[in-house]
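Here is the structure we will look at.
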Amino acid sequence: MAAILMALVLAVVFGGIVWLLLGNRFELDADVQQNEILNLGLYVAITFVPVFILILIWSP
């Protein structure tokens, strides 16, 4: 449970960093504000899997 929570927190941080670096690459909604939120959520979802795998590999 702790690994999932830690992975979620790190995915939010790394997803935010990726969103700041890449910007809105995906056209998920016609509304600009909603598109930014959905892009950020997508980046968080994409970064969750590698972060979770790294935490599982790194943990003793």
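The first residue of the sequence shown is numbered 1, and numbering continues consecutively from there. Values reported hereafter were calculated over all heavy atoms of this structure, with side chains retained and with hydrogens, waters and symmetry mates removed.
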Keeping the roles fixed (side chain from Asp29, backbone from Gln34), state whether a donor-acceptor pair exists under 3.5 Å. no
Judged by atom type as modelled, is there a donor-acceptor pair below 3.5 Å linking the side chain of Tyr43 to the main-chain atoms of Ile17? no
Any side-chain heavy atom of Trp19 sitting closer than 4.5 Å to one from Glu36? yes
Do Val18 and Leu20 share a hydrophobic cluster (ILVMFWY, side-chain heavy atoms under 4.5 Å, transitive)? yes
Is a donor on one side and an acceptor on the other found under 3.5 Å between the side chain of Asn35 and the backbone of Leu28? yes
Hydrophobic cluster membership, Ile37 vs Val44, 4.5 Å side-chain cutoff: no
Do Trp58 and Val13 sit in one hydrophobic cluster, given that two such residues count as connected whenever their side-chain heavy atoms are within less than 4.5 Å of each other, even indirectly? no
Tell me if the CD atom of Gln33 is crowded by more than 12 foreign heavy atoms within 6.0 Å. no
Hey, does Leu5 have a side-chain heavy atom less than 4.5 Å from the side chain of Met1? no
Starting at CD1 of Ile46, measure out to CZ of Phe14 and round the result to the nearest 0.5 Å. 15.5 Å
One should read off an interatomic distance between Phe48 CZ and Ile53 CD1, to the nearest 0.5 angstrom, of 9.5 Å
Do Ile55 and Ile4 come close enough that some side-chain heavy atom pair is under 4.5 Å? no
Polar side-chain atom of Thr47 near backbone of Ala11 as donor-acceptor pair, under 3.5 Å: yes
Give a yes or no on whether Leu56 and Leu8 share a hydrophobic cluster (residues Ile, Leu, Val, Met, Phe, Trp, Tyr; joining criterion: side-chain heavy atoms under 4.5 Å apart). yes
